[in-house]
Amino acid sequence: AGQSLVPEAELAGTRMRVFERNALETGDGLAGPVRIEAPELLGRDMLLPALIRFMEDYPAIRIELRSSVQPVQLAAEDADLVIRLVRPVRGNYRLRRVGAIRFGLYASADHVARHGTPGNPEDLHRHRMVGWTEDFAYLAMAAWLSGHCPGLRPSLRLTSLAAQVAAVEQGAGWAVLPDFIARPAGFLPGLASLPPLETDLWLLGHEQSLALPRVRLVRDHIAGVLKSKFYGPKLDD
């Protein structure tokens, strides 16, 4: 009987922690912390510069930005705002679609000059590939690559998207990378005839946190930044 009550007790405990966190940081409506979870590289290369400029206008707002390739567990409700590449089906978050991210197969110009470009997916078996370790096989990038080239064994496996970008930059081979990183870096695309991998970009705001003006302000600023970069229709809250 006690075990059957554990999920409800954990949910109540989580909501109480969110309540206490927000209650301790009320004060001025535009002062206090805002906790943000974002995918790796998107947080570092796009959100961080925009948030630094934002903090010049609102110095009393303190930003905590956590970036990782592994998505945050929404059930923990540790973040005020969350950016996701997959639409969640549960959780106490209100969400907006703020665009879409497209991925493709990329290599450095130097690598292409030395080793050429694959003509079809089967050719990838004869090229050096940069991929994910087995415990990250669930990621959309890894699944897309294995779906188009079954049995492919990357010559270099990494656990970080940033590390893959660095490896491609240094001529390690081909990798599935987001366009917004690969194109400015000057990487060359391969197998352009393949259906591209495109994932929706979702901005989530915790229901209790959105009662705070500072969280709503940061949410709207982030939404504007992402929509200006990743064009797509916005869904209503």
Side-chain angles (χ1 to χ4, degrees), residues 6-101 160-162 178 180-181 199-230 232-237:
V6 168
E8 292 186 16
E10 290 179 339
L11 179 60
T14 297
R15 290 178 175 173
M16 182 56 67
R17 287 196 300 272
V18 175
F19 174 80
E20 291 175 345
R21 188 176 73 215
N22 292 339
L24 291 172
E25 294 284 355
T26 52
D28 187 341
L30 298 181
V34 177
R35 296 166 179 82
I36 306 166
E37 292 273 1
E40 187 189 23
L41 294 187
L42 181 66
R44 186 196 71 183
D45 290 13
M46 193 161 299
L47 290 187
L48 185 57
L51 288 171
I52 290 174
R53 293 191 296 269
F54 171 85
M55 293 170 67
E56 293 178 357
D57 295 329
Y58 300 95
I61 294 180
R62 306 192 304 276
I63 300 295
E64 181 179 315
L65 177 61
R66 305 174 188 174
S67 297
S68 172
V69 68
Q70 292 179 303
V72 62
Q73 295 297 319
L74 296 182
E77 301 187 18
D78 290 329
D80 301 311
L81 302 171
V82 179
I83 299 171
R84 273 283 185 89
L85 298 181
V86 177
R87 179 173 183 164
V89 295
R90 61 178 60 89
N92 294 312
Y93 286 84
R94 299 174 67 185
L95 57 103
R96 294 179 176 180
R97 181 183 181 274
V98 290
I101 295 181
S160 163
L161 194 56
F180 79 90
I181 291 292
T199 61
D200 287 334
L201 193 60
W202 298 92
L203 175 59
L204 289 65
H206 192 277
E207 288 184 345
Q208 288 182 257
S209 298
L210 288 176
L212 302 174
R214 67 176 182 270
V215 175
R216 295 197 302 271
L217 184 66
V218 174
R219 180 200 61 176
D220 293 343
H221 181 70
I222 290 176
V225 170
L226 296 178
K227 286 168 57 183
S228 68
K229 181 66 177 181
F230 305 110
K234 178 180 74 67
L235 299 182
D236 294 335
D237 288 357

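Only a predicted model underlies this, so the values are computations on that prediction, with no experimental measurement involved. For the single chain, residues carry numbers from 1 onward in sequence order.
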*Is the shortest heavy-atom distance from the side chain of R219 to the side chain of S209 under 4.5 Å?*
no
*Please determine if R66 and E64 form a salt bridge, counting it only when a charged side-chain N lies under 4.0 Å from a carboxylate O.*
yes
*Pick one: which of V218, V225, D220 meets side chain to side chain contact (heavy atoms under 4.5 Å, CB included) with I222?*
V218
*At their closest point, which heavy atom of I83 faces which heavy atom of P39, and how far apart are they?*
O-CD, 3.4 Å
*L41 CG to S67 OG distance, which is reported to the nearest 0.5 Å*: 8.5 Å
*asked:* Walk me through whether W202 and V98 qualify under side chain to side chain contact (heavy atoms under 4.5 Å, CB included).
replied: CA-CA 6 Å; W202 298 92; V98 290; over 6 Å; no
*So, R97 side chain and L201 main chain: donor-acceptor pair closer than 3.5 Å or not?*
no
_Could you check whether any side-chain N or O of R214 sits under 3.5 Å from a backbone N or O of A31, counting only pairs where one atom can act as donor and the other as acceptor?_
yes
*Could you give the distance from CG (L51) to CE (M46), rounded to the nearest 0.5 Å?*
12.0 Å
*Between CG of D200 and CG of L85, what distance do you get to the nearest 0.5 Å?*
9.5 Å
_Rounded to the nearest 0.5 Å, what separates atom CZ in R94 from atom CG in L81?_
12.0 Å
_Taking every non-hydrogen atom, the tightest pair across P59 and E56_ = CD-O, 4.0 Å
*Return the minimal non-hydrogen interatomic distance between G43 and A38, and the atom names on each side.*
CA-CB, 4.0 Å
*Could you grab the distance from atom CE of M55 to atom CD1 of I61, nearest 0.5 Å is fine?*
9.0 Å
*Run through V82, L203, L65 and flag the one making a side chain to side chain contact (heavy atoms under 4.5 Å, CB included) with I36.*
L65
*Locate the shortest heavy-atom distance separating E40 from A162; write the atom from each residue and the value.*
OE2-N, 3.3 Å
_Testing the basics here: between A211 and R216, what is the closest heavy-atom pair and its distance to 0.1 Å?_
O-NH1, 3.2 Å
*asked:* Taking the side chain as everything from C-beta on, heavy atoms only, tell me whether I63 gets closer than 4.5 Å to I52.
replied: no
*Rounded to the nearest 0.5 Å, how far apart are CG of L95 and CZ of R84?*
11.0 Å
*asked:* So which atom in D80 and which in Y93 form the shortest heavy-atom distance, rounded to 0.1 Å?
replied: O-CE2, 4.2 Å
